[in-house]
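Below is one structure; the comments refer to it alone.
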Amino acid sequence: MPQADAFHLSGAAARKYQDHSVPAMFAPLAQATVKKLGLCENDHVLDVACGTGALTREIIATLPGRGRVVGADLNQTMIDVASALTPASSHSVDWMAADVTDLPFDDHSFDVACIQQGLQFFPDKPAALAEIHRVLKPGGKLCLTCWSAISEFNNGLAEALERHVSPSAAQKARAPFSFRDGDLITALLEGAGFRVAKHDIITLHRRFEDLRAQVLALPVEQDMRAKGDAGIDRVLKDIADHLAPFDKDGVFIVPQEAHFFAATRA
């Protein structure tokens, strides 16, 4: 059965994600990821859990020749934003709402599959990787990133939410970092029939030029708004205090680390 959409976003939330989270974090991660991908001329590439297409667009821009690029995400609202931002290229580009455990592609359809910060959210990780294994060609490559440590920003956010909002809101702030054991990820990949060829750490420096806007673009927005303006201000003050060591001329610049895995399909 397809997984339930536990992470459904409204259209407004998807646009906030694109406007704030993508420039601050997911676009730089996409650029660092593509440098490690080793894309080949005319490759057919699938970007799973593509969100609003940060990695997909980077692939479109760097893939040589005339290939095929598909961005797939469970949220139709994310796909709508991604589709509207499709850059001109020589490639065949498609966007679709799809469940990673039930992908609408034939066996052996793709040379490369990517998962940028999606694996930790898949309820059935073995089933998701088995489905990606199915749609990859023999010898095809799976590249994925997962956060390798909880960032100081999310630590500060979770602690402030715990104090001023709710434990469930704090749990949301920690959720992206819930699957960060590199050995466990390796075992999961190998169990799905992949051979891990590379495991590196990517270090980003996330910029917070407008802390309020970036925090209120996160999935905890409604939890915070339920506490009113005073509650929001308390959370933001606590985060700013926590991030004071990272203040560079009024901009918080916070390191954040991710696993990068490249694995080959048998």
Side-chain angles (χ1 to χ4, degrees), residues 1-9 26 29-30 33-34 36-40 43-51 53-56 59 63 67-76 78-79 82 92-148 175-200 202 258-266:
M1 293 291 291
Q3 68 192 53
D5 186 355
F7 301 98
H8 176 73
L9 294 177
F26 292 112
L29 179 60
T33 298
V34 164
K36 294 177 175 289
L37 276 183
L39 295 170
C40 297
D43 269 349
H44 287 201
V45 185
L46 172 63
D47 183 15
V48 178
C50 69
L55 178 58
T56 325
I59 291 168
L63 176 64
R68 179 190 183 198
V69 182
V70 179
D73 195 274
L74 194 59
N75 278 281
Q76 182 63 52
M78 291 288 214
I79 292 298
S92 169
V93 178
D94 294 299
W95 304 95
M96 61 184 62
D99 186 328
V100 67
T101 63
D102 188 27
L103 295 169
F105 308 114
D106 293 336
D107 295 356
H108 309 159
S109 293
F110 295 94
D111 302 288
V112 180
C114 300
I115 312 171
Q116 176 167 283
Q117 301 302 331
L119 182 65
Q120 60 265 51
F121 297 111
F122 297 159
D124 191 339
K125 295 172 179 62
L129 291 176
E131 183 69 348
I132 292 171
H133 187 279
R134 180 186 69 79
V135 303
L136 276 173
K137 297 175 183 178
K141 183 163 58 177
L142 169 61
C143 298
L144 70 87
T145 60
C146 273
W147 301 122
S148 59
F177 306 90
S178 61
F179 198 70
R180 58 185 188 272
D181 185 323
D183 292 338
L184 184 58
I185 296 170
T186 296
L188 191 65
L189 289 168
E190 291 175 346
F194 292 96
R195 180 183 63 83
V196 174
K198 181 184 291 186
H199 176 201
D200 293 334
I202 294 173
H259 294 289
F260 171 86
F261 284 90
T264 303
R265 182 199 191 280

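A quick note: this is a predicted structure, and the numbers were derived from the prediction, not measured.
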Fill in: Evaluation steps, side chain to side chain contact (heavy atoms under 4.5 Å, CB included), between L37 and C114
CA-CA 9 Å; L37 276 183; C114 300; 4.0 Å; yes
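- Annotation: D106, atom CG; neighbour count of heavy atoms from other residues, nucleotides and ligands within 6.0 Å does not exceed 12.
- A distance of 9.5 Å separates CD1 in I79 from CG in L74, rounded to the nearest 0.5 Å.
- For the atom pair L55 CG and Q117 CD, the distance stands at 10.5 Å (nearest 0.5 Å).
- Here the closest non-hydrogen pair linking L39 and L63 is CB-CD1, 4.0 Å.
- Rounding to the nearest 0.5 angstrom, the gap separating the NE2 atom in H133 from the CG atom in L142 is 10.0 Å.
- The minimum heavy-atom distance between N75 and D73, with the atom names listed, is N-OD1, 2.8 Å.
- Contact annotation: the side chain of D111 never approaches that of V45 to less than 4.5 Å [non-hydrogen atoms, C-beta and beyond].
- R265 places a side-chain heavy atom less than 4.5 Å from the side chain of H108.
- The CZ atom of F110 lies 16.0 Å from the NZ atom of K141; values are rounded to the nearest 0.5 Å.
- Listed here is the closest heavy atom pair of D200 and K36: OD2-NZ, 3.2 Å.
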Item to complete: For side chain to side chain contact (heavy atoms under 4.5 Å, CB included), just list the numbers for K125 and L119, CA-CA rounded to whole Å, side-chain angles, deciding distance to a tenth of an Å, and then say yes or no.
Response: CA-CA 7 Å; K125 295 172 179 62; L119 182 65; 4.1 Å; yes
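- Closest approach of I132 and A113 over heavy atoms only: CG2-CB, 3.7 Å.
- Here H199 and F261 bring their ring centres to under 6.0 angstrom of each other.
- Two residues are said to be in side-chain contact when any heavy atoms from C-beta on lie closer than 4.5 Å; L144 and I185 meet this criterion.
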Item to complete: Under the side chain to side chain contact (heavy atoms under 4.5 Å, CB included) rule, what do V48 and F122 come out as? Steps first, then yes or no, please.
Response: CA-CA 11 Å; V48 178; F122 297 159; 4.1 Å; yes
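- Here the straight-line distance linking atom OG of S148 with atom CD1 of I202 works out to 9.5 Å at 0.5 Å rounding.
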Fill in: Chi angles and distances behind the side chain to side chain contact (heavy atoms under 4.5 Å, CB included) call for I115, F121
CA-CA 11 Å; I115 312 171; F121 297 111; over 6 Å; no
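- Under the 30°/60° scheme for interplanar angles, the aromatic rings of W147 and F26 are found to be tilted.
- Here the closest non-hydrogen pair linking C146 and Q120 is SG-OE1, 3.4 Å.
- Closest heavy-atom contact between L184 and F179: CD2-CE1, 3.5 Å.
- Between W95 and the choices V70, V69, T56, the side-chain contact (heavy atoms from CB on, under 4.5 Å) rule is met once, by T56.
- Using a 4.5 Å heavy-atom cutoff, the side chains of H44 and F105 are not in contact.
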